[in-house]
Protein chains: 2
Amino acid sequence: MKKDVTTLKKIAESLNLSISTVSRALNDHQDISSQTKEKVKKLAKEMNYIPNIFAKGFRQHRSNIIGVVVSNVTHHYTTTIIRGILEEAAARGYRVIISESNNDIEKQTEMLNTMIQFGVDGILLSLSKLTRDVDNVLRTLNRIPLILFDKVSSKIPCTQVVINDEEAAFDAVEHLINIGKKRIAIIKEFEFSYNSEKRFAGYLKALKQHNIPLDEKIVLSCEDINLEEGKRMTNILLSLKERPDAIFCITDTAAIGCIKVLKKFNVRIPEEIAVVGFSNNANSTIIEPQLTTIDQPGNRIGKTAVHYLIEEIDTPNNVVTSKTIEIKTNLIIRDSTYKV
Amino acid sequence: MKKDVTTLKKIAESLNLSISTVSRALNDHQDISSQTKEKVKKLAKEMNYIPNIFAKGFRQHRSNIIGVVVSNVTHHYTTTIIRGILEEAAARGYRVIISESNNDIEKQTEMLNTMIQFGVDGILLSLSKLTRDVDNVLRTLNRIPLILFDKVSSKIPCTQVVINDEEAAFDAVEHLINIGKKRIAIIKEFEFSYNSEKRFAGYLKALKQHNIPLDEKIVLSCEDINLEEGKRMTNILLSLKERPDAIFCITDTAAIGCIKVLKKFNVRIPEEIAVVGFSNNANSTIIEPQLTTIDQPGNRIGKTAVHYLIEEIDTPNNVVTSKTIEIKTNLIIRDSTYKV
DNA sequence: CTGAAAGCGCTTACAG
DNA sequence: CTGAAAGCGCTTACAG
């Protein structure tokens with residue numbers, strides 16, 4: 001298939017130099033005279049030399065590939081992170097291999113193993129839901145640099161890149177308080193969900209700081225939050241004797257389900273009930289009224305994760321301190337609450 | 001970093017066999033006795049042998065990597081294609097490297113070169129917009145198996161995997177005719193856009209087949225279709241003396257802009273003006289009324305593209321007939337038109 | 001059925 | 001400043 005591939009050897013022959021010298025010239029080795037370097041580089045260009053990355057990787061025990069495992073590549077927020085990963089990786093001379101775990105822990109394990117087998121230099125992992133058993137991840141972490149992002153776990157001692165969930169939720173709930181809401185419901189997931197718990201903590205903190213008592217009746221949880229669950233839980237809230245005057249949904253999707261139900265029952269948004277989501281995904285400006293939500297800078301998450309991963313790859317002794325990097329989010333105020 | 005890596009050599013030593021025999025046993029070579037095979041495989045497993053993919057790829061001039069270049073990884077339809085690619089590639093033992101061209105033709109060229117440099121076995125390319133000069137793609141095609149998908153061009157002689165744009169548009173417009181619409185506008189792109197032209201051809205065909213004369217006044221085109229353009233062109237349509245009674249938008253995003261304007265002017269949908277989009281993206285069920293649209297099976301596109309690419313990779317002489325594979329779409333009828 | 005040996009294209013410690 | 005040579009881990013034509 002490939003023919004007339006230019007190799008170091010051919011360049012060396014044409015120039016009556018040794019392969020070693022050509023290799024060093026191309027790699028800007030200090031021992032080589034600048035004239036030789038120039039000569040070699042010029043010919044390499046003319047002959048359209050492309051280094052054989054496999055020979056190189058093989059020789060150097062380095063692939064310059066980063067493996068990325070996410071649960072679902074079609075989620076918009078995930079794609080913004082992936083874009084950040086691609087950009088930063090490209091800028092640093094790394095390629096990116098992506099695979100999906102489909103929120104299946106066995107598939108996740110399989111993908112981690114495949115990544116190692118494939119010789120990636122490091123792994124960026126967003127945990128699949130329900131990763132309560134982290135043994136496999138720990139085993140991977142022992143073999144290769146690994147960083148968690150987005151869906152993380154405190155049980156895994158490694159660098160983690162996340163958004164400031166708690167603070168973001170605090171901001172969202174405080175915003176509701178600031179516009180005069182006093183009975184703020186939350187629609188969230190059960191306690192094993194890392195992000196959900198962080199956001200709930202922010203909710204609690206905001207209530208506390210503003211001396212609003214917690215009412216368990218308007219704290220609703222589900223296993224796996226989505227549009228349907230948003231609808232179902234909003235129906236529950238509407239059926240209460242004392243309805244909330246605001247609903248904080250920990251995802252935009254749930255918030256959209258929520259708004260659809262409120263509209264169905266002709267509840268005025270935000271006058272009677274205000275709604276806040278989380279993510280600022282594309283739908284949040286399609287729904288009417290447009291959704292007040294938290295913008296998560298996926299791009300920055302991705303870039304930051306790559307940054308720290310390469311740092312670990314370049315750390316020879318592999319003694320890595322586990323730290324958590326929090327990326328700042330922004331509250332975006334739209335028509336489902338009030339401008340202040 | 002890596003320590004105690006199991007190699008063929010170590011297995012061979014432990015078993016008092018030669019490296020060749022171990023290699024062949026692991027690869028199920030016919031020459032090796034089944035007892036030896038068993039013995040070797042058992043120990044390989046025990047020793048947690050992972051073949052060094054770089055040595056292998058280096059030796060065999062094969063990377064088992066497929067390169068994918070798309071314009072934008074955050075587009076939902078693109079992600080469904082990517083998912084199909086990932087699934088099929090994994091099933092066939094290939095890894096996938098993804099990069100973005102950001103609809104920039106120079107970046108696209110750069111990415112194609114990087115892919116080659118990186119030693120991928122083949123490339124799956126969705127052309128960036130405005131790829132009018134295809135020289136660079138042709139150059140890549142000369143060096144390596146390459147298949148186009150989604151955004152394709154008749155100027156490039158290679159296998160192309162697309163949806164049946166023309167037929168899909170025909171179905172959409174015929175549906176509008178079937179529900180009694182007689183003055184059907186189209187919102188599209190200028191003629192250099194491959195998909196737009198195909199959809200326009202389907203529009204024309206449906207009109208012709210139902211003896212509806214073409215009225216150029218309700219055929220609106222723009223450079224780069226999006227929500228704002230959808231709004232702008234809908235405003236133009238509403239300002240006409242003879243308003244259309246239906247609008248076929250060649251993307252969902254434009255259709256959503258269209259619906260927003262119609263609602264602003266209190267035009268009843270679908271009674272006064274019906275709207276059809278194209279793509280069935282997530283927003284099409286969020287907007288009210290929900291959008292009638294064409295569902296594009298991205299997953300199948302991705303899988304099919306991988307299928308043909310591997311076929312070409314496995315074709316030794318590289319004599320490839322260029323063919324176009326059309327994947328069937330489905331019209332999904334929702335509230336922006338009538339159920340029939 | 002098994003082994004010795006060459007070689008894929010590169011980098012680098014060693015020697016000069 | 002440059003070169004000869006070893007070696008990364010694997011596969012495979014050749015020999016037996």
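Just so it is clear: chains get the letters A, B, ... in the order the sequence lines come, proteins before strands, and each one is counted from 1.
The side chain to side chain contact (heavy atoms under 4.5 Å, CB included) test applied to T7(A) returns K9(A), K10(A), not counting sequence neighbours. In this structure, the side chain to side chain contact (heavy atoms under 4.5 Å, CB included) partners of Q60(A), at least two apart in sequence or on a different chain, are K56(A), R62(A).
The two residues A305(A) and I147(A) come nearest to each other via the heavy atoms O-CD1, 3.9 Å.
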- Message: Let me check I have this right: for DNA chain D, each base becomes ., (, ), [, ] or |, based on Watson-Crick or G-U pairs with both distances under 3.5 Å. What is the full string?
- Response: |||.||||||||.|||
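Residues in residues 71-99 of chain B take part in these salt bridge (charged side-chain N to carboxylate O under 4.0 Å, His left out) pairs, two or more places apart or across chains: E100(A)-R83(B), E87(B)-K303(B), E88(B)-R92(B).
Contact footprint of chain B on DNA chain C: nucleotides with an atom under 4.0 Å from a non-hydrogen protein atom, first to last in 5' to 3' order, dC1(C) to dG9(C).
Atoms OG1 and CG, from T140(B) and L146(B) in turn, are 6.5 Å apart once rounded to the nearest 0.5 Å. In this structure, the separation between CD1 on I313(B) and CG on L309(B) is 4.0 Å, given to the nearest 0.5 Å.
Under the 4.5 Å side-chain criterion, counting only non-hydrogen atoms from C-beta, I11(A) is in contact with M47(A).
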- Report the C-alpha separation of D28(A) and K41(A) in whole Å, then their side-chain angles, then the decisive distance to 0.1 Å, and conclude whether the salt bridge (charged side-chain N to carboxylate O under 4.0 Å, His left out) test is met. CA-CA 10 Å; D28(A) 265 327; K41(A) 286 182 181 173; 2.9 Å; yes
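Atom CD of E13(A) is surrounded by more than 12 heavy atoms from other residues, nucleotides or ligands within 6.0 Å.
Contacts with DNA chain D (heavy atom under 4.0 Å) in residues 19-36 of chain A: S20(A), T21(A), R24(A), D31(A), I32(A), S33(A), T36(A), listed by number.
For the C1' atoms, the distance linking dG16(C) with dT12(C) amounts to 16 Å, nearest Å.
By the 4.0 Å N-to-carboxylate-O rule, K42(A) lies close enough to E46(A) to be salt-bridged with it.
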